[in-house]
Amino acid sequence: MNFRALIFDSGVGGLSVAAEISKRLPALAMDYVADDEFRPYGEKTPAQLKARLPGLIAILANMLSPDVIVIACNTASTTALAGIRAAVSVPVVGVVPAIKPAALATRTGTIAVLGTPGTVAREYVDDLITDFASGKDVLLQGSVNLVDIAEDKLAGRPVDLARIQTELAPLFSGRRGANIDAVVLACTHFPLLRDELKAAVSQSVQWIDSGEAIARRVDSLLGKLTPQDRAPRADTAFLVGPQTNADRSAAFAHFGFERVVALKP
Ligand code: DGL
């Protein structure tokens, strides 16, 4: 298969999606782009993301000639997907927060959406709740610090469980919080902390992300495309910004991206 995918996120979060894609499509070649320079996306306004992303993705598409682009970031997908799609000529797959599966999985009727502050404030998420979780009690929690903690973890730094507990405390305290039995991981960084999240919470909770659904979507899209005839190239991670932050190189290699290159588009 000569297909090549471009996986894009603000940082290492998209690696949780890349892992699901390569599990389903081991022969698919991938490039990864982390927009280090502009992270965290969760603190940016919709206007800032809409101004940056279509142009940046168009440059990357030109440079890397992917057959499919995966915006492996909830914050970008729930804000700027239409503009990104209009800027490129290949199919673009975005992340949809897994509110529907969580609403189907809950037994208590109480679910939580844990994302970046940007994502949980988006109308897109309100619409998903109206469409797929009506009648459920839905708690929303935004966290920027969990994004940093995931970046630190993949840079090889120890994860402090107490910090994670502090982030989750507002969600699980109180009567409504005690009823939560399903949490939507509505930021692609958060599945990278799945073990720590489990350890930080005493009640029994399903942690649900969208990685597998994205992999299925990419698989079905590629079935409709014609592979390009081109020379194979090693899977590479491009880090937008002046430096390669070498401390995350081992993590990129672990996910199959042996080359890590700084990129100033
Ligand atoms: N990984 C991104 C997401 O899924 C956001 C991280 C950030 O705030 O930059 O929303």
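Sequence positions, counted from 1, serve as the residue numbers for this chain. Read the numbers this way: they start at 1 and go in the same order the structure lists the ligands and their atoms. We use all heavy atoms of the structure for the numbers below, so side chains are in, but hydrogens, waters and symmetry mates are not.
- Remark: the Asp35 side chain and the Ser10 side chain contain no N/O donor-acceptor pair separated by less than 3.5 Å.
- Thr79 and Arg122 form a side-chain donor-acceptor contact under 3.5 Å, judged by distance and modelled atom types alone.
- Shown in contact with Asn74 at under 4.0 Å from a heavy atom are these atoms of ligand 1, numbered in order with element: 3 (C), 4 (O), 10 (O).
- At a cut-off of 3.5 Å, with distance as the only test, no side-chain donor of Thr108 or Asn179 sits close to an acceptor on the other residue.
- Applying the 4.0 Å criterion to heavy atoms of Tyr41 picks out, from ligand 1, the atoms 7 (C), 8 (O), 9 (O).
- Of the residues Val138, Leu139, Thr106, Leu114, the one that meets the side-chain contact (heavy atoms from CB on, under 4.5 Å) test with Ile180 is Leu139.
- In terms of protein heavy atoms, atom 1 (N) of ligand 1 is closest to His189 ND1, 2.8 Å.
- Thr75 places no side-chain N or O within donor-acceptor distance of the main-chain N or O of Gly118, the cut-off being under 3.5 Å.
- For the side-chain contact (heavy atoms from CB on, under 4.5 Å) test with Pro91, the passing option among Val218, Leu225, Asp67 is Leu225; the others fail.
- Residue contacts with ligand 1, taken as heavy atom pairs separated by less than 4.0 Å, involve Ser10 solely via side-chain atoms from C-beta onward.
- Listed by number with element, the atoms of ligand 1 under 4.0 angstrom from any heavy atom of Arg39 are 9 (O).
- Remark: ligand 1 atoms within the under-4.0 Å shell around heavy atoms of Thr116 are 5 (C), 8 (O), 10 (O).
- Remark: ligand 1 atoms within the under-4.0 Å shell around heavy atoms of Asp9 are 1 (N), 2 (C).
- With hydrogens left out, the protein atom closest to atom 8 (O) of ligand 1 is Gly42 N, 2.8 Å, a heavy atom.
- The stretch residues 16-70 participates, sequence neighbours left out, in these ring-ring contact (aromatic ring centres under 6.0 Å, His included) pairs: Tyr32-Phe252, Tyr32-Phe257.
- Remark: ligand 1 atoms within the under-4.0 Å shell around heavy atoms of Thr75 are 3 (C), 5 (C), 10 (O).
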